[in-house]
J.: 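Structure in structure tokens, see below.
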There are 2 protein chains.
Amino acid sequence: MARRSQRPISDGALRLAQDRFIAAWGQMGSTWGISRTMAEIHALLFITAGPLNTDDVMLRLSVSRGNASMSLRALVDWGVISRIHRRGDRKEYFQAEEDVWTMLRQIIRERLRREVHPVLALLFEVRDLTDPAAAAHDKPVPLDPPAAGEPLPSTPEPAPLPNLVAEHNRRLDSLLELIQMLDRLGERFVGSEGRGLKLAATLLSKVS
Amino acid sequence: MARRSQRPISDGALRLAQDRFIAAWGQMGSTWGISRTMAEIHALLFITAGPLNTDDVMLRLSVSRGNASMSLRALVDWGVISRIHRRGDRKEYFQAEEDVWTMLRQIIRERLRREVHPVLALLFEVRDLTDPAAAAHDKPVPLDPPAAGEPLPSTPEPAPLPNLVAEHNRRLDSLLELIQMLDRLGERFVGSEGRGLKLAATLLSKVS
DNA sequence: ACGAGATTTCAAAAACTTCTGAAAATAACG
DNA sequence: CGTTATTTTCAGAAGTTTTTGAAATCTCGT
């Protein structure tokens, strides 16, 4: 009846550790905008040594075939797991990238591509809407409006529009610059083959 | 009747630019795990010069009072906007942090605190479950378990489990180290008063 | 201490996301 | 080819998050 408590670290303990890890990773995933199941599958593949097939995943995590199939495909698209074919076996197997630096680089690469770049493009468009320089039609707007002593308004939009547009542009530009900076930083990290990231770590320790 | 097309960049254009900005920021927010409305309110406050009150926000973004109230409070909790009291006015006004570096620092600080640290704690717990050194109870486990010939199940685990636990620990440790590294990086960035981030930007340009 | 105005709370509704399961498509083998 | 194993797709179900609005609570000024 009783479980053998003799074995150093029992299979049960390993199983438990895996399950807890999977749960933790799944939770983290969901707070960062990734579906829980997808993160859990990734966790399972990462923490497990051998490659697993769709049925293994379904069984282990109790998810439907459809869900497993779509999540696995999405993970492949993100480049954090890969398909493996075994001869004499019609099933497909999956295996996680096991180098965590490569994994991180891949995640950053994809987030830049899918999320940051589109937003940057939008923000540039927005910038153009009020860009004085681009005001080819209408009339070119002087960057600096005349005298700058402003009577502080009462409620929200108080003054007779002293220079709302200039203020808008200033704020937008500062945000654009920040995001572009982060983008360049990311691209650099992502670009440099292999070493790139460890380099960042090194830098980190340097900046006392 | 017709709108004056003479003014350089019309109020309408400003309004449009604001709306587009708000939409873009709202979208970005939702892909990063922040509710759309919350991100939109932040965008509105950021892009608008003066402080706004709850009714301004409700009106401008067409959201309910309850939603506006909760989202504003959440933004205050995140430390990216602040409450403003005006004498002789019973309403509360809100204003966004306008320095984007400070804003970024604040966001990183909170994400570390709310999301990274809890996961790190969980991962450490998981690590302990299979830590040979920590096996005080039971029996100290030799890093390499004796002869471990186990009848292999059917599919996934092919080899005779030479050292599943050691492999598990290796993977878990590499992930833990990565996350801790990022955590330290974040803390450092967040900690250094003001300059911290620009410094990072400088570093960035240095790393050719 | 009252009352008017402002804010917060929270249960229920709406909107959105994820998951399922069976049917359709695909690929492998003989 | 036809048969069979496997994967993909997708409409609807289930689950989760977000939003609403009205009631409760709070805050001041008098």
Side-chain angles (χ1 to χ4, degrees), chain A residues 22-23 25-45 51-78 81-95 114-115 155-156, chain B residues 22-23 25-45 51-78 81-94 114-115 154-156:
Chain A
I22 290 166
W25 203 238
Q27 214 210 330
M28 158 143 269
S30 56
T31 75
W32 286 83
I34 283 171
S35 109
R36 199 176 40 65
T37 302
M38 200 174 137
E40 286 181 351
I41 294 178
H42 180 236
L44 173 62
L45 292 172
L52 303 183
N53 61 40
T54 307
D55 294 82
D56 294 333
V57 171
M58 290 169 57
L59 224 82
R60 181 66 189 274
L61 302 180
S62 313
V63 296
S64 71
R65 185 171 300 284
N67 196 1
S69 171
M70 289 182 120
S71 297
L72 284 166
R73 173 223 273 276
L75 287 166
V76 169
D77 288 346
W78 271 80
I81 71 174
S82 49
R83 291 176 200 271
I84 304 259
H85 290 282
R86 310 178 130 194
R87 273 178 304 158
D89 191 340
R90 276 162 86 161
K91 284 193 172 70
E92 283 190 305
Y93 289 75
F94 297 89
Q95 192 167 306
R114 303 178 186 210
E115 291 154 16
T155 336
Chain B
I22 290 166
W25 203 238
Q27 214 210 332
M28 157 142 272
S30 58
T31 74
W32 286 84
I34 284 171
S35 110
R36 197 177 40 65
T37 301
M38 199 175 138
E40 285 182 351
I41 293 179
H42 179 237
L44 173 61
L45 291 172
L52 304 184
N53 61 39
T54 307
D55 295 82
D56 294 333
V57 170
M58 288 168 58
L59 223 84
R60 181 65 189 276
L61 301 180
S62 311
V63 295
S64 70
R65 184 170 300 285
N67 196 1
S69 172
M70 290 181 121
S71 297
L72 284 166
R73 171 221 273 277
L75 287 167
V76 170
D77 288 347
W78 271 81
I81 72 174
S82 48
R83 290 175 201 273
I84 304 258
H85 291 283
R86 307 180 136 198
R87 274 178 304 158
D89 191 340
R90 277 163 85 164
K91 284 195 174 68
E92 283 191 304
Y93 289 75
F94 298 89
R114 304 177 184 209
E115 291 154 15
S154 50
T155 338

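The model shown is predicted, which means the values in this text are computed figures rather than measured ones.
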J.: Locate the shortest heavy-atom distance separating A/Arg36 from A/Gly26; write the atom from each residue and the value.
T.: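 Residues A/Arg36 and A/Gly26, closest heavy atoms: CG-O, 3.8 Å.
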J.: Which one, D/dT7, C/dC19, D/dT20, comes nearest to the side chain of B/Asn67?
T.: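 Closest of the options to the side chain of B/Asn67: D/dT20.
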J.: Could you check whether the rings of A/Trp32 and B/Trp32 sit parallel, tilted or perpendicular, using 30° and 60° as the cut-offs?
T.: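 If you compare the ring of A/Trp32 with that of B/Trp32, the planes turn out perpendicular.
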J.: Once you round it to whole Å, what is the distance between P of C/dT8 and CG of B/Leu75?
T.: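 Taking atom P of C/dT8 as the reference, CG of B/Leu75 is at 13 Å.
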J.: Measure from the side chain of B/Val63, starting at C-beta and using heavy atoms only, and say which of C/dT7, C/dC19, D/dT20 lies closest.
T.: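 Given the options C/dT7, C/dC19, D/dT20, the side chain of B/Val63 is closest to D/dT20.
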J.: If you assign each of A/Asp55 and B/Arg65 to its closest nucleotide in DNA chain D, which residue comes earlier from the 5' end?
T.: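 Result: A/Asp55.
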J.: Please check: side-chain N/O of A/Asp56 versus main-chain N/O of A/Asn53, any donor-acceptor pairing under 3.5 Å?
T.: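 The answer is yes, because a donor-acceptor pair under 3.5 Å joins these two groups.
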J.: Between the side chain of B/Ser69 and the main-chain N/O of B/Arg65, is any donor-acceptor distance below 3.5 Å?
T.: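 No, the answer is negative, given that no donor and acceptor are paired below the 3.5 Å cut-off.
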J.: Say whether, by atom type as modelled, one donor and one acceptor occur between the side chain of A/Ser30 and the main chain of A/Gln27 under 3.5 angstrom.
T.: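 Between the backbone of A/Gln27 and the side chain of A/Ser30 there is a qualifying donor-acceptor contact (under 3.5 Å).
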J.: Please work out if A/Arg83 contacts a base, only the sugar-phosphate, or nothing of the nucleic acid, heavy-atom cut-off 4.0 Å.
T.: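 Sugar-phosphate contact only.
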J.: Of all the nucleotides listed (C/dT7, D/dT7, D/dT9), which has the minimum atom distance to the side chain of A/Thr54?
T.: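 Out of C/dT7, D/dT7, D/dT9, the nucleotide with an atom closest to A/Thr54's side chain is D/dT7.
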J.: Just the rounded figure in Å: distance from P of D/dT7 to CE of A/Met58.
T.: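 My rounded result for the distance is 10 Å.
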J.: Indicate the atoms forming the closest heavy-atom contact of B/Gly29 with B/Ala39, along with that distance.
T.: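 Closest approach of B/Gly29 to B/Ala39: CA-CB, 4.0 Å.
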J.: Whole angstroms only, please: what is the NE2-P distance between A/His85 and C/dC29?
T.: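 Rounded to the whole Å, the gap is 12 Å.
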J.: Could you tell me whether the phosphate oxygens of C/dT17, OP1 or OP2, come under 4.0 Å of any side-chain nitrogen or oxygen in A/Arg36?
T.: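 For C/dT17, neither OP1 nor OP2 has a side-chain N or O of A/Arg36 closer than 4.0 Å.
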J.: If you draw the axis of the six-membered ring of A/Tyr93, does the NZ or CZ of A/Arg83 fall within 45° of it and under 6.0 Å from the ring centre?
T.: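 Cation-pi check for A/Arg83 and A/Tyr93: fails.
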J.: Distance check needed: C/dA27 P versus A/Glu92 CD, whole Å only.
T.: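 Rounding to the nearest Å, CD of A/Glu92 and P of C/dA27 are 10 Å apart.
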J.: Cation-pi between B/Arg73 and B/Trp78: NZ/CZ under 6.0 Å from ring centre and within 45° of the ring axis?
T.: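 The answer is no; the distance or angle limit is not met.
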J.: So what does A/Ser35 hit on the nucleic acid, given a heavy-atom distance under 4.0 Å: a base, only sugar-phosphate, or nothing?
T.: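 Answer is sugar-phosphate: A/Ser35 comes under 4.0 Å of backbone atoms only.
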J.: Roughly how many Å is it from CE in A/Met70 to C1' in C/dT18, rounded to a whole number?
T.: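 Atom CE in A/Met70 sits about 10 Å away from atom C1' in C/dT18.
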J.: Given atom CZ of A/Arg87 and atom P of C/dC29, what is their separation to the nearest angstrom?
T.: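 Going from CZ in A/Arg87 over to P in C/dC29 covers 12 Å.
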J.: Quickly work out the B/Asn53 CG to C/dA6 P distance and round it to whole Å.
T.: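 Taking atom P of C/dA6 as the reference, CG of B/Asn53 is at 9 Å.
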J.: Whole Å only: how far is the CD atom of A/Glu40 from the P atom of C/dC19?
T.: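 So the CD-P distance, A/Glu40 to C/dC19, works out to 8 Å.
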J.: Note down the inter-axis angle between the two ends of the helix from C/dA1-D/dT30 to C/dG30-D/dC1, five pairs each, to the nearest 10°.
T.: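 That helix has its two terminal axes inclined by roughly 30°.
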J.: Looking only at side-chain N and O atoms, does A/Thr37 come under 4.0 Å of OP1 or OP2 in C/dC19?
T.: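 Checking C/dC19 against A/Thr37, a side-chain N or O does come within under 4.0 Å of OP1 or OP2.
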J.: Using only side-chain N and O atoms of B/Arg90, determine if any of them is under 4.0 Å from OP1 or OP2 of D/dC26.
T.: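 B/Arg90 to D/dC26 OP1/OP2: no side-chain N or O under 4.0 Å.
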J.: Would you mind telling me which residue lines up with the more 5' stretch of DNA chain C, A/Gly66 or A/Ile34, judged by nearest nucleotide?
T.: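 Comparing both residues, the 5'-ward one is A/Ile34.
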